[in-house]
Amino acid sequence: MANTCLQFTGFVMGFLGWIGLIIATATNEWVVTCKYNIHTCKKMDELEAKGLWADCVISTALYHCITLTQILELPAYIQTSRALMVTASILGLPAVALVLMSMSCINLGSEPESAKNKRSVFGGILILLTSFCGIVSTVWFPIGAHYERSLMSFGFSLYSGWVGTALCFLGGCMITCCSVDTPAAYTDNNRFYYSKQGPAHPGPASTNHAKSAHV
């Protein structure tokens, strides 16, 4: 019962984390940068929000975005972050589906419990890979933006990526740990099998009984 609750909790955390990573991937307010120094940007009331797919100019009367279509001309941190976040968004779907199908309340035919555990472990590993892609992207991107331009603050997209990464990591760990078969289960199964089969070598006992009857 405890493992079932942990597995369900890990599934919910992994699912919410995956949604957070999708939101971070789809939005463009990762970091807020400034072309000039901070005081000049505040006086001009003109800031720039930088994301994976576009650069947006933010001011009181304007919000204009320029799509980053020159893939080969983009810095390495943007290209890598794009690839990792898209990979995380794609990996999350089979990961969530595998963990969902391994729940104790869902039965796919007459499959054994060991098959469910293997499927759950594989799903948990995929969720951990998703969190790994997210943490690399959400850490490398602001560092790269800081070296390229003056970094003023983090955007809500980056916070969404951090929260999603943390949830995926915790959920993946919980799912993987609670889905591993314990040695006690194998011991109980062996005892049950031995009790059904009886003694392994009944031959000598029956022979001695026959000799005593003959005498």
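The model shown is predicted, which means the values in this text are computed figures rather than measured ones.
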Please walk me through it: do Phe122 and Val99 pass side-chain contact (heavy atoms from CB on, under 4.5 Å)?
-> CA-CA 8 Å; Phe122 185 59; Val99 177; over 6 Å; no
If every non-hydrogen atom of Gly51 is compared with every non-hydrogen atom of Asp55, which pair is closest and at what distance?
-> N-OD1, 4.2 Å
Just by modelled atom types, is the Phe156 backbone N or O under 3.5 Å from a matching donor or acceptor in the Ser160 side chain?
-> no
Give a yes or no on whether Tyr77 atom OH has more than 12 heavy-atom contacts from other residues, nucleotides or ligands under 6.0 Å away.
-> yes
Give the minimum heavy-atom separation between Arg82 and Leu52, together with the two atoms involved.
-> NE-O, 2.6 Å
Any chance you could measure Asn28, atom CG, to Ser157, atom OG, to the nearest 0.5 Å?
-> 7.0 Å
So do Thr80 and Phe141 actually touch side chain to side chain, heavy atoms under 4.5 Å?
-> no
From OG1 (Thr87) to CG (Leu21), nearest 0.5 Å = 11.5 Å
Leu128 side, atom CG; Phe169 side, atom CZ - distance, nearest 0.5 Å | 6.5 Å
Working to the nearest 0.5 Å, report the span between CE of Met13 and SG of Cys173.
-> 9.5 Å
Determine, stepwise, if the pair Ser81 / Ser137 fulfils side chain to side chain donor-acceptor pair (under 3.5 Å).
-> CA-CA 5 Å; Ser81 298; Ser137 301; 4.6 Å; no
Less than 4.5 Å apart, any side-chain heavy atom of Leu84 and any of Phe132?
-> no
Closest heavy-atom pair, Trp30 versus Ala24, reported as atoms and distance to 0.1 Å, is NE1-O, 2.9 Å
Measure the CG-CD distance between Leu68 and Gln79 for me, rounded to the nearest 0.5 Å.
-> 10.5 Å
Do Ile78 and Lys50 touch side chain to side chain, with heavy atoms closer than 4.5 Å?
-> yes
Parallel, tilted or perpendicular: which describes the rings of Tyr159 and Trp162, with under 30° parallel and over 60° perpendicular?
-> perpendicular
Residue pair Val32 / Glu48, side-chain heavy-atom distance below 4.5 Å | no
List the atom of Cys65, the atom of Ala54, and the distance in Å for their closest heavy-atom pair.
-> CB-CB, 4.3 Å
Could you tell me the separation between the CH2 atom of Trp53 and the OG1 atom of Thr69, rounded to the nearest 0.5 Å?
-> 12.0 Å
What is the minimum heavy-atom distance between Ala88 and Cys133, and which atoms define it?
-> CB-CB, 3.9 Å
Looking only at heavy atoms, what is the nearest atom pair of Ser102 and Gln7, with distance?
-> OG-NE2, 3.2 Å
